[in-house]
Amino acid sequence: MHVTYHITGQAQNRINQLMIKYSPKHTLVIWVASLVCLLMPLLVFQNNLGNILLSGIFGSAFITFWILNLGLKYAVHKRFGLHYQPDLDLETRTLCLDEQGISIRSSLLKPAFRPYRQVKMITVEDNIIVIAGKGGWLEMIPRDRVTEGNCGLLLDMLCQRAGKKMQTN
């Protein structure tokens with residue numbers, strides 16, 4: 001079972017908007033680490049004159065983590081905030097369902113293989129099939145740009161082989 005689809009400028013613009021939404025977010029980890037940096041000296045050293053110095057050091061760590069969080073948001077928006085001409089033909093991809101997993105061939109990128117056990121989520125949003133993996137990888141298939149294959153049958157077989165239910169938004 002395989003599906004071949006073209007990525008045009010219009011489809012890539014829609015994919016970029018979804019990539020901002022589905023890209024891995026580490027905000028919770030960053031904020032927990034920064035709060036630990038602020039509260040750790042108070043728990044360990046309690047009311048002590050050295051606490052002022054330690055609070056300054058750990059407070060600067062809090063600010064560093066805050067800047068890291070802002071930098072992460074900026075990088076994601078910078079990477080996926082690009083806008084392409086609608087009539088631009090960018091690449092052709094083929095997604096195949098094999099016995100062990102998903103293989104992806106592209107006219108621009110080297111072939112990739114993803115085992116079914118790595119599939120975390122399957123959903124359809126804005127007429128784009130979104131397949132998200134546990135390692136943070138995403139594959140997005142614009143249904144209106146499919147030139148060869150059957151998207152409905154592919155979704156059914158993928159859900160069955162990966163053991164996931166299709167989520168609806």
Side-chain angles (χ1 to χ4, degrees), residues 1-36 65-66 68-169:
M1 177 71 205
H2 75 280
V3 172
T4 301
Y5 52 98
H6 293 291
I7 303 292
T8 61
Q10 181 183 19
Q12 188 64 48
N13 292 337
R14 292 186 353 234
I15 287 171
N16 283 347
Q17 292 303 312
L18 288 176
M19 288 294 277
I20 290 173
K21 179 180 178 181
Y22 286 108
S23 63
K25 293 173 180 55
H26 304 287
T27 305
L28 180 64
V29 173
I30 291 171
W31 283 115
V32 167
S34 61
L35 289 175
V36 166
F65 281 118
W66 183 63
L68 179 65
N69 191 23
L70 290 176
L72 180 66
K73 286 182 183 178
Y74 174 76
V76 167
H77 281 276
K78 185 75 172 170
R79 167 66 178 92
F80 299 116
L82 301 174
H83 185 76
Y84 295 94
Q85 295 294 328
D87 57 346
L88 188 64
D89 193 14
L90 298 174
E91 71 175 303
T92 301
R93 290 186 185 174
T94 302
L95 185 133
C96 297
L97 298 182
D98 298 332
E99 291 300 318
Q100 293 85 18
I102 304 165
S103 63
I104 304 161
R105 290 187 305 265
S106 169
S107 60
L108 292 179
L109 305 171
K110 64 180 183 176
F113 179 79
R114 311 286 187 212
Y116 291 123
R117 67 180 180 282
Q118 286 187 358
V119 174
K120 181 172 70 173
M121 177 192 71
I122 303 167
T123 187
V124 177
E125 186 172 331
D126 190 27
N127 206 20
I128 295 176
I129 300 169
V130 179
I131 305 167
K134 293 179 183 174
W137 58 268
L138 290 169
E139 183 61 30
M140 298 190 177
I141 305 169
R143 295 176 88 173
D144 56 342
R145 299 292 175 196
V146 171
T147 58
E148 188 178 316
N150 185 340
C151 285
L153 183 59
L154 177 101
L155 276 173
D156 290 340
M157 289 179 70
L158 180 61
C159 290
Q160 180 185 14
R161 291 182 182 181
K164 301 289 181 193
K165 289 187 178 182
M166 188 167 63
Q167 300 177 355
T168 56
N169 290 338

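Residues take their numbers from the sequence shown, with the count starting at 1.
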Heavy atoms, side chains only, cut-off 4.5 Å: are [X] and [Y] in contact?
{"X": "Ile15", "Y": "Met19", "result": "yes"}
{"X": "Leu18", "Y": "Glu125", "result": "yes"}
{"X": "Val124", "Y": "Arg143", "result": "yes"}
{"X": "Arg114", "Y": "Val119", "result": "no"}

According to the salt bridge (charged side-chain N to carboxylate O under 4.0 Å, His left out) rule, which pairs have a member within residues 158-167, sequence neighbours left out?
none
Listed once per pair and sorted, the salt bridge (charged side-chain N to carboxylate O under 4.0 Å, His left out) pairs that draw on residues 72-85, sequence neighbours left out:
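Every candidate salt bridge (charged side-chain N to carboxylate O under 4.0 Å, His left out) pair involving residues 72-85 fails, so no pair, neighbours aside, qualifies.
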If you look at every heavy atom in [X] and [Y], which pair is closest and at what distance?
{"X": "Ile131", "Y": "Trp137", "result": "O-CZ3, 3.8 Å"}
{"X": "Glu139", "Y": "Ile104", "result": "OE1-CD1, 3.6 Å"}
{"X": "Ile128", "Y": "Met140", "result": "CG2-CB, 3.7 Å"}
{"X": "Asn16", "Y": "Leu82", "result": "ND2-O, 3.3 Å"}
{"X": "Asn150", "Y": "Leu153", "result": "OD1-N, 3.4 Å"}
{"X": "Pro142", "Y": "Tyr5", "result": "CD-CD1, 3.8 Å"}

[X]: side chain to side chain contact (heavy atoms under 4.5 Å, CB included) partners, not counting sequence neighbours:
{"X": "Gln85", "value": "Asp87, Leu88"}
{"X": "Glu91", "value": "Ile7, Arg93, Ser106, Ser107, Leu108"}
{"X": "Pro115", "value": "Phe113, Arg117, Gln118"}
{"X": "His6", "value": "Asp89, Thr92, Thr147"}

Could you tell me whether the side chain of Thr94 and the main chain of Arg105 form a donor-acceptor pair under 3.5 Å?
no
Without swapping roles, check the side chain of Asn13 against the backbone of Tyr84 for a donor-acceptor pair under 3.5 Å.
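Yes.
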Considering residues at least two apart in sequence or located in another chain, which fulfil the side chain to side chain donor-acceptor pair (under 3.5 Å) criterion with [X]?
{"X": "Glu99", "result": "none"}
{"X": "Asp98", "result": "Ser103"}
{"X": "Asp144", "result": "Arg14"}
{"X": "His2", "result": "Glu148"}

Roughly how far, to the nearest 0.5 Å, is the [atom2] atom of [Y] from the [atom1] atom of [X]?
{"X": "Ile102", "Y": "Leu158", "atom1": "CD1", "atom2": "CG", "answer": "4.5 Å"}
{"X": "Leu95", "Y": "Leu154", "atom1": "CG", "atom2": "CG", "answer": "6.0 Å"}
{"X": "Ile129", "Y": "Cys151", "atom1": "CD1", "atom2": "SG", "answer": "4.0 Å"}
{"X": "Asp156", "Y": "Met1", "atom1": "CG", "atom2": "CE", "answer": "9.5 Å"}
{"X": "Asn127", "Y": "Ile141", "atom1": "CG", "atom2": "CD1", "answer": "11.5 Å"}
{"X": "His83", "Y": "Gln12", "atom1": "NE2", "atom2": "CD", "answer": "11.5 Å"}

